[in-house]
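Have a look at the structure below before the remarks.
Below, read A as the first sequence line, B as the second, and so on, with proteins coming before strands; counting in each chain starts at 1. Predicted model only: the values in this text are computed from it and were never measured.
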4 protein chains.
Amino acid sequence: MDTYKSLRMEAYEANMKLPQLGLVLFTFGNASAVDRGKGVFAIKPSGVPYKDLRPEDMVICDFEGQQVDGKLRPSSDTKTHAVLYKEWTDIGGVVHTHSTYGTAWAQAIKDIPIFGTTHADHLTTKIPCAPPMKDEYILGDYEHMTGYQIIDCLTEKNLDYRTNEMILVGSHAPFTWGNTVEKAVYNSAVCEEVAKMAFLTLQINPKTPALKETLIKKHFERKHGDSSYYGQGC
Amino acid sequence: MDTYKSLRMEAYEANMKLPQLGLVLFTFGNASAVDRGKGVFAIKPSGVPYKDLRPEDMVICDFEGQQVDGKLRPSSDTKTHAVLYKEWTDIGGVVHTHSTYGTAWAQAIKDIPIFGTTHADHLTTKIPCAPPMKDEYILGDYEHMTGYQIIDCLTEKNLDYRTNEMILVGSHAPFTWGNTVEKAVYNSAVCEEVAKMAFLTLQINPKTPALKETLIKKHFERKHGDSSYYGQGC
Amino acid sequence: MDTYKSLRMEAYEANMKLPQLGLVLFTFGNASAVDRGKGVFAIKPSGVPYKDLRPEDMVICDFEGQQVDGKLRPSSDTKTHAVLYKEWTDIGGVVHTHSTYGTAWAQAIKDIPIFGTTHADHLTTKIPCAPPMKDEYILGDYEHMTGYQIIDCLTEKNLDYRTNEMILVGSHAPFTWGNTVEKAVYNSAVCEEVAKMAFLTLQINPKTPALKETLIKKHFERKHGDSSYYGQGC
Amino acid sequence: MDTYKSLRMEAYEANMKLPQLGLVLFTFGNASAVDRGKGVFAIKPSGVPYKDLRPEDMVICDFEGQQVDGKLRPSSDTKTHAVLYKEWTDIGGVVHTHSTYGTAWAQAIKDIPIFGTTHADHLTTKIPCAPPMKDEYILGDYEHMTGYQIIDCLTEKNLDYRTNEMILVGSHAPFTWGNTVEKAVYNSAVCEEVAKMAFLTLQINPKTPALKETLIKKHFERKHGDSSYYGQGC
């Protein structure tokens, strides 16, 4: 009897959505789901192709990134997930992909400007791009420090992870999170689509202004907060 | 016995075509179909994923945007649809998407120039981009005013909704309409393809001239009006 | 008993490949196959969606563009096909699409430069773009004149339709042909891929030189002529 | 009894992955797998569409490019594969495609800069672009010389084929290799994705700096060498 069975299934289903949504090539991505009660999360095993993945392959780790259960080695990005779960005590899932347009913005080391309501429906500021990591951190505990690179960037830009659920790690690729891993997967697809739209917008009009504040506020509040009226309210 | 059964089915089938045509990600779009005799239209419920959508989920609303029948909450864009049905008394369907290239032009706040016969087969002028909404309207009845933002833009540019069945709402995304919702869906796909072609055309030749008037007239009249000879004449 | 049955099937199968190859949206394209013995060709009916198309729907026309057999109205581009069959007495098929990248080059009114061996495997010069039609021709027998617009462009550029099997009609879209309609369909897909590659090449390096003559000759002769050695020689 | 049966199957399966991965249009690509014990490799027959390909169609050739077994004519690029197998005695497979973005960089005659960790996960330098071939080589034994064009480029840039498993042949298209043909196919898909990301990166920020050396080293060593920790270590 696997006490992590439902957690593994949740992580498995989230991982399988990544290639279905066109967000990963081969094994370039990973999703994890947390069980706060047990203090562990389930994550994709390292380097296993999606077509071969099974729910029971998901690896269980604690918030120090130590493997707790599972026969396979966890994703090489496990410590980054662990740091985010440890520091942000109310998130339920984390996703990392190398989706094409999001990664291009990350490689260009540019925040993604907020140009339209598709963006404002999900967050109220630019999608931040964390500066590339300092050498001493790269040479140290790299994946662990990637977690702090993400957290520090939000802190420096005065952003709240509860309302800003996506980031670009400079020279690397996007990370997203959410109150569930399903929401984190959703955010990865939104990040990619917004990245593509912003790219095209600047190609059409390099002087495109940022979306006006009233529209940002209106669209974000349609979907978030007490006065939201998008969806079925459940 | 559902008196709106066939109307719901019509709206349902139109909505389902949007993801099939690659025009929507997740729930970023909605289609509605009108019954002029009953003075109501059927529209997608808010925030319901396309894969879960059923014909009976379609929500029935009147031209003030008030819900008349249905268990779910209607699309958050319902009032925009209502205004268009109320003001344009001979349209049969309305579609809104955040399709990638159309949205990029909307975000760039640029009309889509008329460069070729693919465009002229469908309309004789640029695809207009309505300027972003004034703050007092955003802070007021936003979705209702989006309807008038569309109508006012056509009026200011001296365009007729009967021959110009698509628009970009600046900083937002495209809206289309037609004598049936099926035609409105078709127009959404045409808008996206024309938006992509125009984008590429300007990348290849930033000084591309507008299509000459004789070709515009020729191609539009091949498909529209008394002397049209495209299609099977039925 | 339909005396055109096999010709209709040949045209039908060619038409059905166009959406499968991603070359047409809705009904924006048509293919025809000729029977030189009978002096007729079979072409797609006008405005019929590909999903509804049946072999028996193909319309039989003569080289004046007059309908000889079939219940439906032929493609609005029928007279263009007719002119090409009449003037080029050894071609077996003609295809017209509004494929995205080919159409973008046509709208930009630019020849597609020859940058690589993918292009040289198929033709030895730029893919020509015919200048937009003169007004008196547009106002006259438009589709008939489109045929001569194509033929005149090749003549002016001293190109042979036997080795140059594709053209862009300026402000409009590509036309291709070949000794069979299957080859014409193949050429439409090649034209689109070469158009996309050339677009990207110029974005990467706006000063990309034309492919050197020795490589053009080498690659074209690998696939064409007496000393060709590509394929199975049958 | 076919003594090359398993080798043919290996080459067949690799070839079939190329269209599945979106790397080839029609017959524009080929994969081969080597049997070092027998001193031969199996390669795709020339000009046969992928849908018609069968395992028994694979052609067996020696390292001089001479056909040893098989009814069909081998790929026109066979001699290029032969040279690479002869000179690089520990590679197991070779793949050639005209994948869209890789070919665009090859046509632009530009190395693909190293901008991010997706690239550094696979190689530590730019993806090299060999200069277009000298005329005397083109006019000589062209496909044979293409092999030496590849080898010479790596030598001149002081690159090792064991760690740099991909190259662009200028004005032509990518070639990749690996210890197995499966790895060579994987490298072709990585090359295409990295080519697309680098293209987009430069469009977003034309002054994007190269990835810093510490990140290059870190990411490459995560996946390669004695201290690698990516994957399942098998």
Go through the atoms of [X] and report whether side chain, backbone, both or neither lie under 4.5 Å from a heavy atom of chain D.
{"X": "C:K212", "value": "side chain"}
{"X": "C:Q203", "value": "both"}
{"X": "C:K223", "value": "side chain"}
{"X": "C:T117", "value": "both"}
{"X": "C:L215", "value": "both"}
{"X": "C:L21", "value": "side chain"}

Can you tell me which portion of [X] sits under 4.5 Å from chain C's heavy atoms? Options are side chain, backbone, both or neither.
{"X": "D:I138", "answer": "both"}
{"X": "D:E143", "answer": "side chain"}
{"X": "D:V48", "answer": "side chain"}
{"X": "D:T27", "answer": "both"}
{"X": "D:K134", "answer": "backbone"}

Next on the checklist: Salt bridge or not between C:K183 and C:E165? Use side-chain N to carboxylate O under 4.0 Å.
Outcome noted: yes
Checklist entry - Ion pair present between D:K157 and D:D111, side-chain N to carboxylate O less than 4.0 angstrom? => result yes
Let's test your reading of the structure: which of [options] forms the most heavy-atom pairs below 4.5 Å with chain C?
{"options": "D:S171, D:S75, D:A106", "answer": "D:S171"}
{"options": "D:L72, D:L202, D:T103, D:I109", "answer": "D:L72"}
{"options": "D:W105, D:F26, D:Y101, D:F199", "answer": "D:F26"}

Checklist entry - Mind checking whether D:F28 and C:Y186 have parallel, tilted or perpendicular rings, split at 30° and 60°? => result perpendicular
Next on the checklist: Can you classify the ring geometry of C:H172 versus C:H96 as parallel (below 30°), tilted (30 to 60°) or perpendicular (above 60°)?
Outcome noted: perpendicular
Next on the checklist: Is a donor from one side chain sitting under 3.5 angstrom from an acceptor on the other, for D:Y142 and C:H219?
Outcome noted: yes
Checklist entry - How about C:F175 and C:H98: are their ring centroids closer than 6.0 Å? => result no
Checklist entry - What about D:F63 and D:H81, are their ring centers closer than 6.0 Å? => result no
Checklist entry - In terms of heavy-atom contacts, does CD of C:E182 have more than 12 from other residues, nucleotides or ligands at under 6.0 Å? => result no
Checklist entry - How many angstroms lie between atom CG of D:L211 and atom NE2 of D:H119, to the nearest 0.5 angstrom? => result 9.0 Å
